[in-house]
Visitor: 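Take this structure first; my questions come after.
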Protein chains: 2
Amino acid sequence: MTSTLKLEEFLPYRLARAAEIVSRDFAALYRERYGLTRPEWRVFATIGQFGTITATAIGAHSSMHKTKVSRAVFSLEKRRWISRTTDDADRRVERLQLTREGGLRFQELSSMARTYESKLLSAIGPEATDHLVEAMAALERYAADSSSSER
Amino acid sequence: MTSTLKLEEFLPYRLARAAEIVSRDFAALYRERYGLTRPEWRVFATIGQFGTITATAIGAHSSMHKTKVSRAVFSLEKRRWISRTTDDADRRVERLQLTREGGLRFQELSSMARTYESKLLSAIGPEATDHLVEAMAALERYAADSSSSER
DNA sequence: ATAGAACGGTTACATCCGCAACGAATTTCA
DNA sequence: TGAAATTCGTTGCGGATGTAACCGTTCTAT
């Protein structure tokens, strides 16, 4: 009566698979050149983007667990790509920013990212890109409030 | 000169985020009702779809690491949802299939999956779905051969 | 026929990750 | 004011995961 479920046509599965393949493909680049892990790359890119930001805000912005953020911050600091400053107004808060070296690396990694992305985009074409982006936003809107276990 | 990279507009990041949110949202359903983990669900669904399949083939089909598959197979077997038969022609190979109970559970989980998916699809609309699927296929085609570290 | 390579699958080990508990700082509210 | 609740960030711990090594089996090539 019920037809067989085909996993490769099941949307959550397709999404997970596409994301995993693309993510791994790109991660291979920065891992090979800089030895960065995925959480480190994400945290680093977020700090680079905002200039100054807190660990909590990074987690909220990038859907990463706070312990993951904490550990990535630690190793980026050890690498001297970022530094932290305790906020004067609220001394629980650590304001994170790039060091001078971190700034240089961020430029390099940014252009690497853009190069990679433009190859991806040209592979799927401009209108498909628009549709893709739009559909992903709709998916996130739909699923975002049901799940709330992460921050 | 180079504009700042915005992570939330970066395609691999968007994909990863959308996939993670959707996947977690759906995983909450089968975890809560059956206590299944994500790898277990994937392996189980793959066996259910193919009827009989080997662990290696599951890994290739679903982009999962073979140790992950191996462990999921073990726990599904312990649960008595699947069984294994050593292939007569090649005794390295274990042919995996659902047990009677596994078949029942697969029906339940399949319909759960379809219900969930149809909610997702109606949230983003039918043409957006087509575009999404098409774009993901193109992405996978592009990235699939570069990365080969898993199987 | 047989040595060596290749393959299916499992396991030991080190690492990664999330949960829960925590310390320190701040806010809330009586 | 001061006790309880909340927040930021870290850490201990158990569980999940990937790497590499491994066992047994089969294939390849001489």
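The sequence lines fix the lettering, A, B, ..., with proteins before strands; numbering per chain opens at 1. All values derive from a computational prediction rather than experimental measurement.
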Visitor: Whether Arg79(B) engages the ring of Trp81(B) as a cation-pi pair (distance to the six-membered ring centre under 6.0 angstrom, angle to the ring normal within 45°) should be assessed.
Guide: yes
Visitor: Hey, what are the protein-to-nucleotides 21-27 of chain C N/O distances that come in under 3.5 Å?
Guide:
| residue | atom | partner | partner atom | Å |
| --- | --- | --- | --- | --- |
| dA25(C) | OP1 | Arg91(A) | NH2 | 3.4 |
| dT26(C) | OP1 | Arg91(A) | N | 2.9 |

Visitor: Should the ring pair Tyr116(A) and Phe26(A) be called parallel, tilted or perpendicular, given that the plane angle runs from 0 to 90° and is split at 30 and 60?
Guide: tilted
Visitor: Return the value, rounded to whole Å, for the distance between atom CZ of Arg24(B) and atom P of dC17(C).
Guide: 14 Å
Visitor: Could you check how far CE of Met64(A) sits from C1' of dC19(C), rounded to whole Å?
Guide: 16 Å
Visitor: Could you give the CZ-to-P distance, from Arg42(A) to dC16(C), as a whole number of Å?
Guide: 16 Å
Visitor: Between Arg17(A) and Ser63(B), do the side chains contain an N or O donor and an N or O acceptor separated by less than 3.5 Å?
Guide: yes
Visitor: Near Gln97(B) CD, under 6.0 Å, is it more than 12 heavy atoms from other residues, nucleotides or ligands?
Guide: yes
Visitor: Taking NZ, NE, NH1 and NH2 as the nitrogens, is one of them in Arg42(B) or Glu20(A) under 4.0 Å from a carboxylate oxygen of the other?
Guide: no
Visitor: Expressed as a whole number of angstroms, how long is the span from Arg31(A):CZ to dT15(C):P?
Guide: 16 Å
Visitor: For the side chain of Thr54(A), counting heavy atoms from C-beta on, which of dG18(D), dG9(D), dC17(C) is nearest?
Guide: dG9(D)
Visitor: Rounded to whole angstrom units, what separation is found between the CD atom of Glu94(B) and the P atom of dC23(D)?
Guide: 18 Å
Visitor: Give me the distances for all protein-to-nucleotides 11-13 of chain C N/O pairs that come in under 3.5 Å?
Guide:
| residue | atom | partner | partner atom | Å |
| --- | --- | --- | --- | --- |
| dA12(C) | N6 | Arg71(B) | NH2 | 3.1 |

Visitor: Can you find a side chain N or O atom of Thr37(B) that sits less than 4.0 Å from OP1 or OP2 on dA16(D)?
Guide: no
Visitor: Set out, in order, the CA-CA distance, both residues' side-chain angles and the distance that settles side chain to side chain contact (heavy atoms under 4.5 Å, CB included) for Thr129(B) and Leu120(B), then state yes or no.
Guide: CA-CA 9 Å; Thr129(B) 299; Leu120(B) 270 190; over 6 Å; no
Visitor: Around atom CZ of Arg14(B), are there more than 12 heavy atoms from other residues, nucleotides or ligands closer than 6.0 Å?
Guide: yes
Visitor: Between atom NE2 of His65(A) and atom OG of Ser70(A), what is the distance when rounded to the nearest 0.5 Å?
Guide: 11.0 Å
Visitor: For the residue pair Trp41(B) and Leu7(A), establish whether any side-chain heavy-atom pair is separated by less than 4.5 Å.
Guide: yes
Visitor: Taking the side chain as C-beta and beyond, is there a heavy-atom pair between Thr52(A) and Leu96(A) under 4.5 Å?
Guide: no
Visitor: Touch check for Arg84(A), heavy atoms < 4.0 angstrom, all strands: base, sugar-phosphate only, or nothing?
Guide: sugar-phosphate
Visitor: Quick one: Ile47(A) CD1 to dG9(D) P, roughly how many Å, whole number?
Guide: 11 Å
Visitor: Applying the side-chain contact (heavy atoms from CB on, under 4.5 Å) criterion to Tyr30(A), which one of Glu40(A), Glu108(A), Met112(A) satisfies it?
Guide: Met112(A)
Visitor: Taking only side-chain nitrogens and oxygens of Lys68(A), does any of them come within less than 4.0 Å of OP1 or OP2 of dG18(C)?
Guide: yes
Visitor: Any N/O pairs under 3.5 Å between the protein and nucleotides 1-3 of chain C? List them or say none.
Guide:
none

Visitor: Check the distance between dA21(D)'s P and His65(B)'s NE2 and give it to me in whole angstrom.
Guide: 13 Å
Visitor: Can you check whether Phe50(B) reaches His61(B) side chain to side chain, under 4.5 Å on heavy atoms?
Guide: yes
Visitor: Round to a whole Å and report the spacing from CD1 of Ile58(A) to P of dT10(D).
Guide: 10 Å
